[in-house]
Amino acid sequence: MTAVADKSVFRLWPRTLRARLFVILLAGLTIAHVMSFSVLFFERYTAARSVMFNTLENDIATSIAVLDRLPVGERSALLDRLGRDNYSFILGPGVPGSPSLDPAAEELASKIQRATGLDRPVRVETIPGTRRHLQAHLTLSDGSPLTIDVYPKGIMPLADWLPFVLAAQLALLLFCSWFAVRQAVRPLVNLAEAADTLDPNRNTPRLNETGPTEVAYAATAFNAMRDRIAQYLEERVQILAAISHDLQTPITRMKLRTEMADDFADREKLMQDLGQIESLVKEGVAYARSAHGNVEKPTRVDLSSFIESLAYDYQDTGKRVTTSDVGGGTITTRPQALRRILTNLVDNALKFGGSAEIEARRLADDTVVIVVADRGPGIPDDQLEAVLKPFFRLEDSRNRETGGTGLGLAIAQQLAASINGTLTLRNRDGGGLVGELVILPRRD
């Protein structure tokens with residue numbers, strides 16, 4: 001049962017930091033406020049009780065002394081003046097009652113006995129009825145019976161406006177707790193959102209470096225980290241570009257010398273090796289530069305004309321590339337990046353399927369979906385995501401004819417992210433592979 005109770009309490013505990021801080025702060029302030037109010041209320045209650053009892057004792061003692069000195073015939077005329085809201089005087093034996101008293105009645109009885117003086121015996125009884133009250137029976141100096149009829153009432157009645165004040169105080173505590181938690185958590189939320197959308201290659205707004213010292217320091221450190229990452233990426237591109245430039249020159253010289261040299265047995269193989277080296281260098285640089293695909297300015301293009309033009313270029317070279325259901329209207333995107341994505345998908349389809357089919361459509365929310373499909377062997381389901389990583393090639397494609405560099409799909413995926421899109425692969429019903437590019441509408 002204890003374990004079940006612990007789990008139940010754990011489920012009630014908020015999951016977010018904002019809610020936890022709010023609950024802790026509000027609970028602490030509320031408890032402190034209630035404790036402070038209780039102490040003040042108790043102190044006021046004690047003071048009012050002491051004043052009431054002292055006043056009661058003095059008034060009763062004075063009233064008894066006055067009645068004791070008046071002639072019998074004049075006493076009844078003063079009874080109304082001597083009485084108060086919570087007690088009155090009766091010339092007579094009063095009403096018989098019960099001698100048992102509760103603690104509050106005993107304290108009140110002791111005050112009355114002290115007021116009447118030790119030389120006067122006093123009998124205090126509880127009078128039953130719809131409204132419980134006490135009667136103190138005593139005898140004046142001339143032997144006349146006197147009854148003090150006491151109706152105890154609240155020591156300190158609450159003011160009508162007090163509940164509204166308490167409600168206003170609790171509302172103020174609620175607002176202050178919410179505002180304090182919001183001020184404390186908002187920088188964390190902003191930092192988390194900035195980290196989640198971190199992309200040094202996009203023109204995203206930098207974190208605001210104003211505010212409290214700790215928040216400004218964290219924002220400054222995050223912006224500096226973002227700048228360093230962007231610098232590292234830029235240096236990577238520059239290094240690969242330099243390597244490409246330095247390698248392409250000797251590769252070109254080697255190819256020229258091989259072509260001009262006399263025929264020898266392995267000449268064709270050497271030419272193929274040099275071609276693969278050159279292709280690998282170019283694809284490596286292209287992959288590095290694809291991380292900076294946002295250097296191209298977005299422009300509006302007609303999607304159907306764009307795709308049909310791409311298909312015609314392939315058809316002019318005798319490649320089997322067809323289009324069907326090509327729509328989508330105009331979109332704002334980076335044309336060169338989009339062309340490179342589709343070219344890589346089509347080249348992959350031609351390499352492994354011998355043909356490529358291109359479709360495009362626009363959804364209701366202005367999302368554009370472009371599909372490139374083939375009828376090749378497809379890819380095992382457990383490797384559909386792996387082939388999008390750089391330099392990954394399926395085992396059965398590691399040959400000189402179709403192996404490639406393993407960068408084509410990785411470049412396409414990286415460029416897709418740069419145009420606010422996603423690239424996914426799936427196997428086609430009936431055999432083949434489908435590459436689906438989903439381009440979300442631009443919000444900038």
Are Ile419 and Ile439 close enough, and set up right, to give a side chain to side chain contact (heavy atoms under 4.5 Å, CB included), and what steps lead you there?
CA-CA 7 Å; Ile419 63 172; Ile439 306 175; 4.1 Å; yes
Take atom CD in Gln315; do more than 12 heavy atoms of anything else shown fall under 6.0 Å from it?
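Atom CD in Gln315 is packed in, count exceeds 12.
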For Asp382, is the CG atom crowded, meaning more than 12 foreign heavy atoms sit under 6.0 Å from it?
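Above 12, so yes.
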[X] side chain vs [Y] backbone, donor-acceptor pair below 3.5 Å:
X	Y	answer
Arg334	Ser418	yes
Ser309	Ser305	no
Arg375	Gly431	yes
Asn348	Asn344	no
Thr30	Ala27	no
Thr367	Leu363	no

Below 4.5 Å, heavy atoms only, C-beta onward: do [X] and [Y] meet side chain to side chain?
X	Y	value
Thr332	Thr299	no
Leu433	Val372	no
Tyr314	Thr343	yes
Leu25	Ser177	yes
Val434	Asn427	no
Arg362	Ile331	yes
Asp227	Ile229	no
Thr330	Val301	no

Spatial distance of atom [atom1] ([X]) from atom [atom2] ([Y]) [nearest 0.5 Å]:
X	Y	atom1	atom2	result
Gln169	Phe164	CD	CZ	14.0 Å
Phe175	Leu170	CZ	CG	15.5 Å
Ile341	Gln336	CD1	CD	11.5 Å
Ile379	Arg428	CD1	CZ	14.0 Å
Phe352	Asp374	CZ	CG	9.5 Å
Leu388	Leu425	CG	CG	4.5 Å

Please determine whether side chain to side chain contact (heavy atoms under 4.5 Å, CB included) holds for the pair Leu437 and Val369, giving the CA-CA distance in whole Å, both sets of side-chain angles, and the decisive distance to 0.1 Å.
CA-CA 6 Å; Leu437 174 64; Val369 180; over 6 Å; no
Tell me which one of Thr322, Val346, Val371 satisfies side-chain contact (heavy atoms from CB on, under 4.5 Å) with Ile358.
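Answer after filtering Thr322, Val346, Val371: Val346.
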Let me see the working for Lys319 and Asp347 under salt bridge (Lys or Arg N to Asp or Glu O under 4.0 Å), right down to the final yes or no.
CA-CA 10 Å; Lys319 304 294 179 62; Asp347 289 344; 5.9 Å; no
Looking only at heavy atoms, which two atoms of Ala356 and Leu350 are closest? And how far apart?
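Minimum heavy-atom contact is N-CD2, 4.1 Å.
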Looking at every non-hydrogen atom in both residues, tell me the closest pair between Pro441 and Asn420 and how far apart they are.
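Looks like O-ND2, 3.5 Å.
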Answer yes or no: is there an ion pair linking Glu357 with Arg320, defined by an N-O contact shorter than 4.0 Å?
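The answer is no: the pair does not qualify as a salt bridge.
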Check step by step if side chain to side chain contact (heavy atoms under 4.5 Å, CB included) holds for Glu359 and Thr323.
CA-CA 6 Å; Glu359 298 179 3; Thr323 59; over 6 Å; no
In sequence, state the C-alpha distance, the side-chain angles, and the governing distance for Leu409 and Leu345, and then conclude on side chain to side chain contact (heavy atoms under 4.5 Å, CB included).
CA-CA 7 Å; Leu409 293 177; Leu345 292 176; 3.8 Å; yes
